Amino acid sequence: MATDTLKSTSSADSATGGLRRLLLDNGALTALIVLVIAMAALSGDFLTTDNLLNVGVQAAVTAILAFGVTFVIVSAGIDLSVGSVAALSATVLAWSATSHGVPVLIAVLLAVVTGIAAGLVNGFLIAYGKLPPFIATLAMLSVARGLSLVISEGSPIAFPDSVSHLGDTLGGWLPVPVLVMVVMGLLAAFVLARTYIGRSMYAIGGNEEAARLSGLRVKKQKLAIYAMSGVFAAVAGVVLAARLSSAQPQAADGYELDAIAAVVIGGASLAGGTGKASGTLIGALILAVLRNGLNLLNVSAFWQQVVIGVVIALAVLLDTLRRKAGATPVTGASQGGKGRQAATYGLAAVVTVAIVGATSFLHNGSSSTANPKVGLSLSTLNNPFFVQIRSGAQAEAEKLGVDLTVTDAQNDASQQANQLQNFTSSSLGAIIVNPVDSDAASNSVKAADKAKIPVIAVDRGVNKASVDALVASDNVAGGELAAKSIGEKLGGKGKIVILQGQAGTSAARERAQGFAQGLKAYPGIQVVAQQPADFDRTKGLDVMSNLLQAHPDVQGVIAANDEMALGAIKALGSKAGTSVSVVGFDGTPDGLNAVKDGTLYASVAQQPSQLGKIAVDNALKALEGKKVEETIKVPVKVVTKQNVAGFTG
């Protein structure tokens with residue numbers, strides 16, 4: 001009897017220990033399962049086939065970048081340049097194929113060679129130049145992004161149609177980016193587990209000096225490792241540009257951090273020596289599920305950043321605890337346990353499907369609210385102008401009984417494409433989009449059109465796609481008014497500088513075009529400098545401070561938005577409103593206060609609250625099947641000290 005009891009206790013302890021070991025060795029997989037179950041329980045839209053495919057598409061670029069970064073991190077390095085290298089590779093492809101008539105196949109090879117070259121430079125600086133990986137790749141981040149802007153002249157370049165199919169679907173349902181992600185993942189797994197270079201990565205990451213003493217040519221291996229990271233970055237850039245139908249010079253900004261996060265969440269150690277491709281894929285999926293689910297739950301984009309930051313911190317903490325608890329090292333080089341690993345993944349899939357199926361009953365029969373649902377995707381909420389659009393839209397939605405979901409694309413065309421995909425696959429009745437870029441939004445809008453969802457564009461139009469209505473003021477006409485205001489104020493003579501908006505955005509291009517056209521009427525006005533300040537007040541301050549050193553006798557400033565104008569005013573100090581006249585654009589509250597104070601001579605106001613209000617009105621009309629006008633113009637107005645008191649925005 002005692003023996004039986006002992007056996008039972010031993011079996012129970014063994015089972016408990018086995019479960020503990022399973023969870024320790026598969027922490028990322030466990031986290032993904034829990035996350036999927038939680039999102040399925042919280043949102044009835046999460047489990048739809050379209051949305052799950054969206055998650056795969058949204059994970060693809062990050063995962064491909066992360067596979068390349070896995071090589072580097074396993075070898076105890078870091079690569080901060082992959083996002084910029086991705087943008088540069090895509091720009092080289094589009095520039096060579098469309099602007100210079102290079103055959104597409106050769107253009108694709110040039111893009112890959114660009115990635116390899118960037119990686120080799122990184123590897124050379126680290127292996128032979130003895131630079132820390134952080135510094136070398138940080139320098140490449142800046143160089144690659146700058147070259148992308150130089151080649152593209154700051155504007156998106158249309159992608160060749162034959163390559164744009166990489167952003168399409170096979171059979172009308174299977175996304176090509178997901179297939180590319182799987183292929184690149186299998187390639188990464190093969191390299192890590194089955195090749196000499198893969199084993200070298202683990203050896204260098206485990207103990208570089210020991211690897212060198214054992215005869216491994218560490219310097220040459222590092223060259224190869226960073227070159228391979230560049231190849232994966234180039235492929236990711238091509239896939240991203242194909243999704244957006246254009247090479248965006250500012251694309252993949254910050255993606256290097258997501259790639260590193262995916263690798264770490266997947267179980268790799270920043271100290272080197274551990275990591276595998278399957279873990280990296282799980283890490284990328286966790287990030288994609290988080291963003292997708294939080295969008296569906298209408299969580300603020302600002303809180304999304306907080307949540308993702310917490311997840312990354314927890315991943316590193318749990319990795320430390322896992323290693324202290326004696327979990328099996330996460331490597332791709334070990335050959336044992338393949339069957340057990342496959343069984344673990346199979347069991348995880350079965351458990352997930354079972355629990356998710358059960359949670360789906362929570363949503364069966366639960367009807368949606370009687371209120372119509374509308375999604376609003378704004379290019380950014382880090383700018384008072386777009387905050388006012390949101391405020392006007394929210395006030396009108398509350399008045400009309402509309403459930404309004406607002407998302408912030410953070411000036412990232414790819415992130416906005418993800419948000420629009422989420423809107424399309426969920427139960428929204430209409431979509432309002434303020435495009436980050438007019439070309440990049442086209443594929444997402446086409447998908448919404450195909451799903452019979454009305455789309456209203458606000459402030460900026462959408463190229464190569466049909467929208468039900470465009471609610472906007474004329475940026476070109478507004479730019480001409482700004483030029484006229486400064487020209488008349490200076491009496492047709494004087495030196496001015498122009499602060500341009502963020503390179504690659506349609507608003508920056510159109511307003512600059514308006515400035516140029518308007519200044520033609522004033523040949524006595526000399527533009528002594530034009531510099532971008534990215535629609536940012538701090539950058540406006542810095543750029544204007546620099547320009548004053550070269551042009552202390554400047555008499556006027558035109559800024560492509562009020563934020564940059566306010567930065568310029570700070571740089572000008574007592575000169576603002578006295579010896580130097582400043583004209584802004586947008587009519588934001590801070591801008592109007594500056595007009596009242598006399599430091600800002602004028603602001604070309606677009607009445608952003610009205611833009612948001614009218615957009616919601618027309619979205620509801622389109623949703624109800626009523627006719628809407630194709631173009632609804634909200635008049636711009638030059639606001640000066642004489643008329644600012646009666647202007648509300």
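Remember, it's a predicted structure, so these values are computed and weren't measured experimentally.
Distance alone, capped at 3.5 Å, is enough to place a donor-acceptor pair between the S214 side chain and the A211 backbone. Using a distance-only test at 3.5 Å, with no hydrogens or angles considered, no donor-acceptor pair links the side chain of S99 to the main chain of S96. S426 contributes no side-chain N or O that, together with a main-chain N or O of D45, makes up a donor-acceptor pair within less than 3.5 Å. Judged purely by atom type and a 3.5 angstrom limit, Y226 has no side-chain atom pairing as donor or acceptor with the backbone of A118. D459 contributes no side-chain N or O that, together with a main-chain N or O of N434, makes up a donor-acceptor pair within less than 3.5 Å. Looking at S84, its side chain never comes within 3.5 Å of a backbone N or O of S81 through a donor-acceptor pair. No donor-acceptor pair closer than 3.5 Å links the side chain of Q502 to the backbone N or O of A508. Of the possible polar contacts, none joining the T280 side chain to the G266 backbone as a donor-acceptor pair under 3.5 Å is found.
Looking at M201 and T70, their side chains never come closer than 4.5 Å, going by heavy atoms from C-beta outward. Residues L53 and V178 form no side-chain contact, since every pair of their non-hydrogen atoms from C-beta on lies 4.5 Å or further apart. Looking at S442 and N463, their side chains never come closer than 4.5 Å, going by heavy atoms from C-beta outward. Side-chain contact between N418 and N54 is absent, with no heavy-atom pair separated by less than 4.5 Å. Side-chain contact between V72 and I225: present, with at least one pair of heavy atoms (C-beta onward) separated by less than 4.5 Å. Counting heavy atoms from C-beta on, the side chains of T407 and F423 come closer than 4.5 Å. Between W95 and V102, every side-chain heavy-atom pair lies at or beyond the 4.5 Å cut-off. Side-chain contact check for F46 versus N292: some heavy-atom pair is nearer than 4.5 Å.
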Problem set entry | Trace of the side-chain contact (heavy atoms from CB on, under 4.5 Å) decision for R460 with S379 | CA-CA 10 Å; R460 304 165 185 165; S379 57; 3.6 Å; yes

For this session: Take S148 and T91, measure what side-chain hydrogen bond (donor to acceptor under 3.5 Å, both in side chains) needs, and give me the verdict at the end.
Result: CA-CA 6 Å; S148 179; T91 301; 3.0 Å; yes

For this session: Tell me, with the steps shown, if F159 and T98 meet side-chain contact (heavy atoms from CB on, under 4.5 Å).
Result: CA-CA 7 Å; F159 227 48; T98 60; over 6 Å; no

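For T274 and S269, the side-chain atoms include no donor-acceptor pair closer than 3.5 Å. Judged purely by distance below 3.5 Å, without hydrogens or angles, the side chains of D79 and T137 never pair a donor atom with an acceptor atom. No donor-acceptor contact under 3.5 angstrom links the side chains of D437 and Q250, judged on distance only. Between the side chains of D408 and Q304, no donor N or O sits under 3.5 Å from an acceptor N or O.
Few gaps surround CG on D542; more than 12 heavy atoms of other groups in view lie less than 6.0 Å from it.
Between A533 and M564, the closest heavy-atom pair is CB-SD, 3.4 Å.
Test V238, L93, V113 against V108 for side-chain contact (heavy atoms from CB on, under 4.5 Å) and you get one pass: L93.
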